Amino acid sequence: MPIRISAIIQLKIRKVFNKLENLFHFSKSVLSERNFIYLSCVLVAISCSLAVILLKTFAHNVFIWANYINKYLKLPYSNSLLPVIGILLTVFVIKRFLGGSIEKGSARILHSIAKKGGIIPRKQMYSQIITSALTVGLGGSAGLESPIVITGAAFGSNYAQNYFLSRKNRILLLACGVAAGIGAAFNAPIAGVLFAIEVILTDISISAFIPIMISAATGALVSKIIISGDIILSFQQVQAFDFKNTPYYVLLGILAGLISVYHARTFRKTEHFISRLSERVYVKAILGASILAMLLFLFPTLFGEGYESIKTLSTPHPEILLENTLLDNFKNKKWAIIIFVGTIIFIKSIATGITLGSGGNGGNFAPSLFVGSYLGFTLAKTLNLIGISNLPVTNFTIVGMAGILSGLFHAPLTAIFLIGEITGGYDLMIPLMIVSSISFAISKKLEGHSMDVKTLANTGDVFTSDKDKNILQSINLSQIIETNIQTLQKDDSLEIVISKLATSQQTIFPVVNSDNSIEGIVDFEYIRNIIFNTFQVKYTTVKEVMKPSTAIDLDNDIENIISFFEDTNQTILPVIKNQKFYGLLSKNKILEHYRLVFKNLVID
């Protein structure tokens with residue numbers, strides 16, 4: 001009987017979805033393209049915000065439950081054991097239900113835009129929510145925003161695919177999903193818009209702002225209506241900006257830039273090290289999670305996203321963080337909280353690297369806010385304690401978040417307006433600008449690419465900070481290399497060349513040896529005068545008229561290929577693969593494809 005009831009419920013739900021889908025198809029047929037996009041961005045935003053609410057609520061309730069056990073039942077190891085369970089469950093779900101792998105990090109969105117026209121696999125609509133809920137919800141030291149961003153992008157991409165929208169609109173709705181996700185996660189619609197534009201999109205026109213703004217506002221509105229205020233990161237103790245503290249904000253910006261670089265590099269090294277501990281995923285998960293458990297036992301505030309500890313730092317009693325730690329007996333000592341918080345600044349990147357390297361899923365958005373708040377608190381508290389100044393600790397705690405976020409993600413505008421929105425005003429706009437810009441400048445100087453893009457940039461896949469590189473990297477060389485090419489041997493006579501000219505459109509003929517290795521080229525323009533002399537044609541060999549030529553390796557970076565064309569002043573060059581002749585590449589075809597990709601990537 002229960003099975004039959006369940007089947008009836010499933011059938012009714014399926015009928016409802018079918019009716020909705022038919023309604024949307026009908027809407028597409030009667031609405032203009034632009035109006036349908038407006039409708040679509042609202043629907044995508046609502047879907048994304050509901051997923052965010054589900055994920056955030058789960059993570060928050062697990063944190064409350066874990067704290068209850070720790071505080072009232074006096075089970076000090078509970079917080080350490082939960083992440084072990086969470087990472088093992090994550091690995092199990094990935095291996096058993098998700099094909100053994102899952103794409104992590106918002107850089108995968110950039111890759112899909114540059115290489116796949118914004119197409120994101122359907123499973124990303126649910127896999128990120130499930131796995132990050134298990135990892136971070138049960139205490140893994142990472143953030144939920146990266147999975148939220150990927151989920152939002154997947155909703156937008158798959159919605160567009162389902163209704164057969166163009167590539168431009170697919171990428172636009174992908175960005176709308178991202179904006180809605182960030183807007184819902186922080187109740188910060190402006191930050192959602194800026195994140196989508198500053199981090200995700202390679203180019204955008206003014207008209208594309210409207211759907212993105214609608215999505216971000218819708219996501220924030222749904223979040224505001226449904227989600228509890230305690231779950232959203234917010235602050236109430238902000239003080240007015242005092243211009244006399246400007247030198248200390250400059251110092252905070254410098255430290256934030258340096259710590260951003262430290263965090264990024266340490267995270268990558270830790271994640272790489274943990275991921276190579278064992279080829280068996282469960283063994284690796286147990287080893288990594290065990291190390292994480294030890295860190296959580298020593299530093300309980302590393303548990304989960306860490307937003308509750310950020311809120312605690314901004315209150316008049318930050319020493320609460322020392323409860324149930326090894327420094328519990330020293331919580332009335334001012335230096336104890338500074339040492340504890342200052343140490344965690346350097347430990348957080350390790351904890352996050354372990355979490356993700358051992359098989360968990362999450363991101364570095366929340367860790368960047370965590371580290372930033374701890375840095376700002378430590379600096380202000382230290383300067384106050386030694387008597388140099390009397391700084392507003394809450395303000396420095398809040399502004400520090402913008403500094404690390406700007407430095408890690410190379411997104412100063414997102415950092416400035418996100419913190420402005422979650423503090424409920426813009427009283428700290430000047431210090432936010434100072435700290436974010438200085439941190440960004442230092443991080444940009446020491447790390448050419450943001451944290452999420454670094455791996456892709458190293459492999460030459462995508463460059464989000466340079467639009468020209470983005471477009472060049474999106475060109476598929478295999479589609480524009482001519483491989484059906486007639487070749488010559490050195491001992492061939494010019495009579496053979498003339499016969500090939502008569503039967504093909506080629507004007508350049510590669511000269512190869514018996515191993516198909518390139519030895520030079522014969523250019524029609526170079527031998528034009530010779531081929532009209534019958535005697536010379538008959539007694540001249542290819543060897544005598546061929547020119548040396550620089551060959552392009554197929555595996556070469558496209559920027560280097562463009563440089564080859566510029567350096568050699570040639571318009572067509574031979575291409576080799578594994579040291580063997582592969583085909584001919586025309587500079588004009590590269591430029592044609594550049595214009596085509598540029599036209600398709602620019603969202604209007």
Side-chain angles (χ1 to χ4, degrees), residues 52-73 75-76 78-83 86 132-133 135-145 148 184-188 223 227-238 292 295-325 327-328 331 337 340-341 343-345 347-348 351-352 355 362-378 381 393-394 397-398 400-401 404-405 418-419 422-424:
V52 169
I53 291 167
L54 177 65
L55 185 57
K56 284 281 188 179
T57 302
F58 176 79
H60 180 75
N61 288 335
V62 170
F63 176 83
I64 298 298
W65 176 67
N67 267 4
Y68 175 82
I69 293 176
N70 211 20
K71 186 174 182 180
Y72 295 103
L73 300 184
L75 298 176
S78 60
N79 281 12
S80 300
L81 294 177
L82 280 176
S132 62
T135 298
V136 183
L138 292 175
S141 193
L144 295 172
E145 285 73 26
I148 285 170
F186 293 100
N187 193 19
S223 174
I227 202 168
S228 167
D230 295 336
I231 299 176
I232 298 292
L233 183 62
S234 60
F235 301 92
Q236 303 296 331
Q237 305 294 326
V238 180
L292 179 63
L295 285 178
L296 286 173
F297 178 73
L298 296 172
F299 305 100
T301 58
L302 293 173
F303 185 93
E305 290 182 289
Y307 286 158
E308 294 301 323
S309 69
I310 294 175
K311 293 179 183 178
T312 302
L313 282 182
S314 66
T315 66
H317 300 287
E319 65 275 3
I320 294 174
L321 293 180
L322 297 180
E323 292 180 356
N324 298 315
T325 71
L327 294 177
D328 197 341
K331 62 184 178 183
I337 184 66
F340 182 78
V341 172
T343 302
I344 292 178
I345 293 173
I347 300 295
K348 181 64 174 180
T352 305
T355 300
N364 271 284
F365 200 100
S368 72
L369 300 180
F370 181 95
V371 171
S373 66
Y374 275 49
L375 174 64
F377 174 89
T378 301
K381 202 75 172 176
V393 177
T394 299
T397 301
I398 292 169
M401 292 192 292
I404 300 295
L405 180 61
L418 173 65
I419 304 306
I422 65 178
T423 55

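Please read these numbers as outputs of a predicted model, since none were measured by experiment.
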Next item on the list: State the CD1-CG distance between I419 and L405, to the nearest 0.5 angstrom.
Entry: 6.5 Å
Margin query: Counting C-beta onward and ignoring hydrogens, is there a side-chain heavy-atom pair between Y374 and S309 closer than 4.5 Å?
Written below: yes
Item checked: Exercise: identify the closest heavy-atom pair between G140 and L292 -> CA-CD2, 4.3 Å
Item checked: Interatomic spacing from OG1 in T397 to NZ in K311 - rounded to 0.5 Å -> 14.5 Å
Check: How far apart are the C-alpha atoms of F299 and T325, what are their side-chain angles, what is the distance that settles it, and do they pass the side chain to side chain contact (heavy atoms under 4.5 Å, CB included) test?
Finding: CA-CA 7 Å; F299 305 100; T325 71; over 6 Å; no
Item checked: For the student: nearest non-hydrogen atoms of T312 and H317, plus distance -> CG2-O, 4.1 Å
Notebook entry, point to check: How far apart are the closest heavy atoms of G143 and P367, and which atoms are they?
Noted result: N-CD, 3.7 Å
Note to self: Rounded to the nearest 0.5 Å, what separates atom OG1 in T378 from atom CD1 in I337?
What the structure shows: 8.5 Å
Check: Can you check whether L296 reaches P83 side chain to side chain, under 4.5 Å on heavy atoms?
Finding: yes
Note to self: I'd like to check L82 versus F303 (side-chain heavy atoms, cut-off strictly below 4.5 Å). Are they in contact?
What the structure shows: yes
Checklist line | Nearest heavy-atom neighbours spanning L138 and G86 | finding: CD1-CA, 3.5 Å
Next item on the list: Would you give the length of the straight line joining atom CZ of F370 to atom CG of N364, rounded to the nearest 0.5 angstrom?
Entry: 12.5 Å
Note to self: For K381 and V341: C-alpha separation, side-chain torsions, deciding distance, then whether side chain to side chain contact (heavy atoms under 4.5 Å, CB included) applies.
What the structure shows: CA-CA 10 Å; K381 202 75 172 176; V341 172; over 6 Å; no
Notebook entry, point to check: Among V371, T343, L295, which one satisfies side-chain contact (heavy atoms from CB on, under 4.5 Å) with K348?
Noted result: V371
Next item on the list: Could you tell me which non-hydrogen atom of G362 sits nearest to which non-hydrogen atom of A142, and how far apart they are?
Entry: CA-CB, 4.0 Å
Notebook entry, point to check: Between I148 and F365, is a side chain to side chain contact (heavy atoms under 4.5 Å, CB included) present by the stated rule, with each step listed?
Noted result: CA-CA 11 Å; I148 285 170; F365 200 100; over 6 Å; no
Checklist line | Heavy-atom closest contact (L302 atom, A351 atom, distance) | finding: CD1-CB, 4.1 Å
Note to self: One pair to check against side chain to side chain contact (heavy atoms under 4.5 Å, CB included): F58 and L144. What are the steps and the verdict?
What the structure shows: CA-CA 11 Å; F58 176 79; L144 295 172; over 6 Å; no
Note to self: To the nearest 0.5 Å, what is the distance between CG on L313 and OG1 on T301?
What the structure shows: 8.0 Å
Next item on the list: Can you measure from CD (E305) to CD1 (I310) and round to the nearest 0.5 angstrom?
Entry: 9.0 Å
